[in-house]
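As structure tokens, the structure follows; a few thoughts come after it.
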Amino acid sequence: MEKKKVFACLGFEAGLALLYLFFWNIGIKQFIPEQDFFLIKNVYLALAFLSMSLLGFVELYRDKKKKSKMEVCFFWMLLIIGIMYQLVLPAFSAPDEDTHFASAYRLSNRMMKKQETDAKGYTVMREEDRKGQTYTYGEKEFAGYYRKMFSTEKVDSQTVSYIRKKAEQTVPFPVYLAPACGITVARLLHWNGVWTAYSARICSLLFVALSGAVSYRLLPFAKQNVMILCCMPMSLSLISSISYDGFHLAVILLFFSIAMNCAYAREKVTWKEIAALLVTAVCFVPVKLIYFPFLWLVFFVPPKKFKQKKTAWFTYGIINLLPVLEAVWLKTGKISFIASGTTNLTAKDGYTLSYVVGHLCEIIKFISYNVFFIKGDEMAESFAGRSLGWLDTKIPRYLAYSFVFLLFLNVLTETYQASILKWQKALAFAAAGIQICLPVFVMFLAETARSDSKLACVQGRYFLPIALLLPFLTQNRKFMRKKTENNVLLERTLIYLNSFSVIMTLHSVLRR
């Protein structure tokens, strides 16, 4: 390793160490009660160790491997930074994570050949796993979480009825396969409830990190765009939890990378690529039907790349129809609820499709006013992850917007090796437009009462996958000249920004 590179590596490591030391003294240390000082100090040291180890790996791996496989760096970045977010965002802090835990637990019961639910449809689980769920965190609960993690108390393996009903299966079972494996391992080893949840989280994170690495390798362009998207605080908080949002983002990314690989890298498309596209499609569309326009990306693959034109059109049809039909079949009950009124309120209090049709101009005005004047800043901030999970932890606005700025700056400056036709660009615009409008409209129908003056439950995390389409929306027909994927400065920046983010998240929790 050259002396110049050694000094550069040591300089960045020293800078990161000073960052942790500085914020420890001005924003963390004074908020820790004396009885929890040693415990939380160790958590903070673990954060510093993980981020500095990752930074050192990124520097050394690039130097050691002249033809380094950057998907390896991407895998370790997702895994290690994901663990850092797990340390400051304890289990059940992600949106609806308790419900997803119950669904994964049900699959774990099936894997262990045990009773899945009781007569009323409640998930059957160990008392230890049920009572460990806490949804509101301050310093007291945060410290208690880690005390419980390292407790030597004997685990009670008796089962109870879960407190939240989950009567219908509205998503394919692979969605919960990774966390179910983690839960099963924890139960077989008789771990306590905290370790059960943590094991489920680690397995989910491993799946997403592996999927991300495969996607990164397959992508013919926009690799830096994907790296920034996946390393934003909101993305990392989701992929490091049990929530199926992390799985959903990973599978959409897999579908996108396979489709782009077929369209721009491969000379011929075989049955293996077709099967991979279909499998990923039937996994991500039923999770959230509103993302079905991503299926249109298969049209980017020219018919001449298939063995026959009939095969091409059959592939286009089956990939665009089968996942949608599967989603409608699985979500028939939920769709009917939304169409007839709101899911959380009575039909009288909620909007119906017939009411929308009869008052279309009024509804458009109401939604537009909320999106642009009331909810706009909240949606933009939650896209990056200023507020994370049920904890409602806050990182500074300038830090949240720095991730958004970095994403758009990279999209506008990164160059690629491919081309896009006018109809393809129009299709990408249509897909992005539908995926922006549909979540807003669904939340209007499903969660907003007629008496409400504000649009309810619209969050920026719903728009994360749309960032994958940005290269098509911002470039010209011949938008690709060279690859700029080997950018160590970008990785250093993301490590620094996320280190700053987890420190600020910890600070937000400790001040409660």
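Note that this is a predicted model, so its numbers are computed, not measured.
For the residue pair S51 and M84, the shortest heavy atom distance occurs at CB-CE, 3.7 Å. Minimum interatomic distance between S241 and S204 (heavy atoms only, all atoms of both residues): O-CB, 3.5 Å. Nearest heavy atom pair, residue T315 against residue T311, reads OG1-O, 2.7 Å. The nearest pair of heavy atoms linking V171 to P286 is CG1-O, 4.0 Å. When all heavy atoms of P179 and I242 are compared, the pair lying nearest together is CB-CG2, 3.8 Å. For the residue pair L253 and G212, the shortest heavy atom distance occurs at CD2-CA, 4.4 Å.
Note that CG of D96 is 7.0 Å distant from OG of S243, once rounded to the nearest 0.5 Å. Distance check, rounded to the nearest 0.5 Å: CZ of F403 to OH of Y398 gives 11.5 Å. For the atom pair OH (Y198) and SG (C203), the distance works out to 11.5 Å, reported to the nearest 0.5 Å. In this structure, CD1 in I83 is found 11.0 Å from CG in L78, a value given to the nearest 0.5 Å. Atom CZ of residue F306 and atom OH of residue Y316 lie 5.0 Å apart, to the nearest 0.5 angstrom. Distance check, rounded to the nearest 0.5 Å: CE of M125 to OG1 of T196 gives 9.5 Å.
Taking a 6.0 Å sphere around CH2 of W296, one finds it holds more than 12 heavy atoms contributed by other residues, nucleotides or ligands. The number of heavy atoms from other shown groups lying within 6.0 Å of CZ (R492) is above 12. Around NZ of K268, the count of heavy atoms belonging to other residues, nucleotides or ligands within 6.0 Å exceeds 12. Heavy atoms of other residues, nucleotides or ligands lying less than 6.0 angstrom from CZ of F408 number 12 at most.
The backbone N or O of I374 sits nowhere less than 3.5 Å from a side-chain atom of K454 that would complete a donor-acceptor pair. For R201 (side chain) and P90 (main-chain N/O), a donor-acceptor pair under 3.5 Å exists by modelled atom type. Under a 3.5 Å cut-off, the side chain of S382 and the backbone N or O of Q459 do not form any donor-acceptor pair. Checked by atom type and distance alone, the side chain of D245 never pairs as donor or acceptor with a backbone atom of L238 at under 3.5 Å. Under a 3.5 Å cut-off, the side chain of Q86 and the backbone N or O of S240 do form a donor-acceptor pair. Between the side chain of N225 and the backbone N or O of A467, at least one donor-acceptor pair lies under 3.5 Å. Within the 3.5 Å criterion, the main-chain N or O of L421 finds a donor-acceptor partner in the side chain of Q424.
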Side-chain polar contacts of residues 426-446 - donor-acceptor pairs under 3.5 angstrom, sequence neighbours left out - could you list them?
{"residue": "Q435", "atom": "NE2", "partner": "A431", "partner atom": "O", "Å": "2.9"}

Only pairs under 3.5 Å count here: list side-chain donor-acceptor contacts from residues 269-277, not counting sequence neighbours, and write none if there are none.
{"residue": "T270", "atom": "OG1", "partner": "K272", "partner atom": "N", "Å": "3.4"}
{"residue": "T270", "atom": "OG1", "partner": "E273", "partner atom": "OE1", "Å": "2.4"}
{"residue": "E273", "atom": "OE1", "partner": "T270", "partner atom": "N", "Å": "2.7"}

Could you give the side-chain donor-acceptor pairs of residues 498-506 under 3.5 Å, partners two or more places apart or in another chain?
{"residue": "N498", "atom": "OD1", "partner": "Y85", "partner atom": "OH", "Å": "2.7"}
{"residue": "N498", "atom": "ND2", "partner": "C231", "partner atom": "O", "Å": "2.9"}
{"residue": "N498", "atom": "ND2", "partner": "L494", "partner atom": "O", "Å": "2.9"}
{"residue": "S499", "atom": "OG", "partner": "Y20", "partner atom": "OH", "Å": "3.4"}
{"residue": "S499", "atom": "OG", "partner": "I495", "partner atom": "O", "Å": "2.7"}
{"residue": "S501", "atom": "OG", "partner": "Y85", "partner atom": "OH", "Å": "3.0"}
{"residue": "T505", "atom": "OG1", "partner": "S501", "partner atom": "O", "Å": "2.8"}

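The shortest distance between side-chain heavy atoms of V411 and L473 does not fall below 4.5 Å. At a threshold of 4.5 Å between non-hydrogen side-chain atoms, the residues P172 and E326 count as touching. Between L497 and L406, the closest side-chain pair of non-hydrogen atoms falls below 4.5 Å. Here the side chains of S215 and L254 are in contact, with some heavy-atom distance below 4.5 Å. Within the 4.5 Å cutoff, no side-chain heavy atoms of F247 are placed close to those of V208. Put simply, the side chain of L249 reaches to within 4.5 Å of the side chain of P465, judged on heavy atoms. For the pair F383/M234, no side-chain contact is recorded, criterion being any heavy-atom separation below 4.5 Å from C-beta on. Contact of the C230 side chain with the F74 side chain is registered, since non-hydrogen atoms from C-beta on lie closer than 4.5 Å.
Note: Y244 and H100 have tilted aromatic rings, judged against thresholds of 30 and 60 degrees for the angle between ring planes. A perpendicular orientation is assigned to the rings of F472 and F221, their planes being inclined by more than 60° (bins at 30° and 60°). Classification of the Y291-H248 ring pair by plane angle, with boundaries at 30° and 60°, yields tilted.
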Report task. Could you please spell out the steps behind the side-chain contact (heavy atoms from CB on, under 4.5 Å) verdict for L87 and L50? Result -> CA-CA 11 Å; L87 288 174; L50 287 170; 3.9 Å; yes
**Report entry** Verdict with reasoning, C73 to F57, per side-chain contact (heavy atoms from CB on, under 4.5 Å)
**Finding:** CA-CA 8 Å; C73 280; F57 170 78; 4.1 Å; yes
**Report entry** Chi angles and distances behind the side-chain contact (heavy atoms from CB on, under 4.5 Å) call for E491, M70
**Finding:** CA-CA 11 Å; E491 291 161 20; M70 293 314 303; 3.1 Å; yes
Query raised in the report: Stepwise, does the side-chain contact (heavy atoms from CB on, under 4.5 Å) test hold for C262 with K305?
Result: CA-CA 8 Å; C262 291; K305 289 198 174 187; 6.0 Å; no
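The six-membered or imidazole ring of F294 lies away from that of F255, with a centre-to-centre distance of 6.0 Å or more. You'll find the ring centres of F373 and Y369 inside the 6.0 Å limit.
Remark: the S108 side chain and the T184 side chain contain an N/O donor-acceptor pair separated by less than 3.5 Å.
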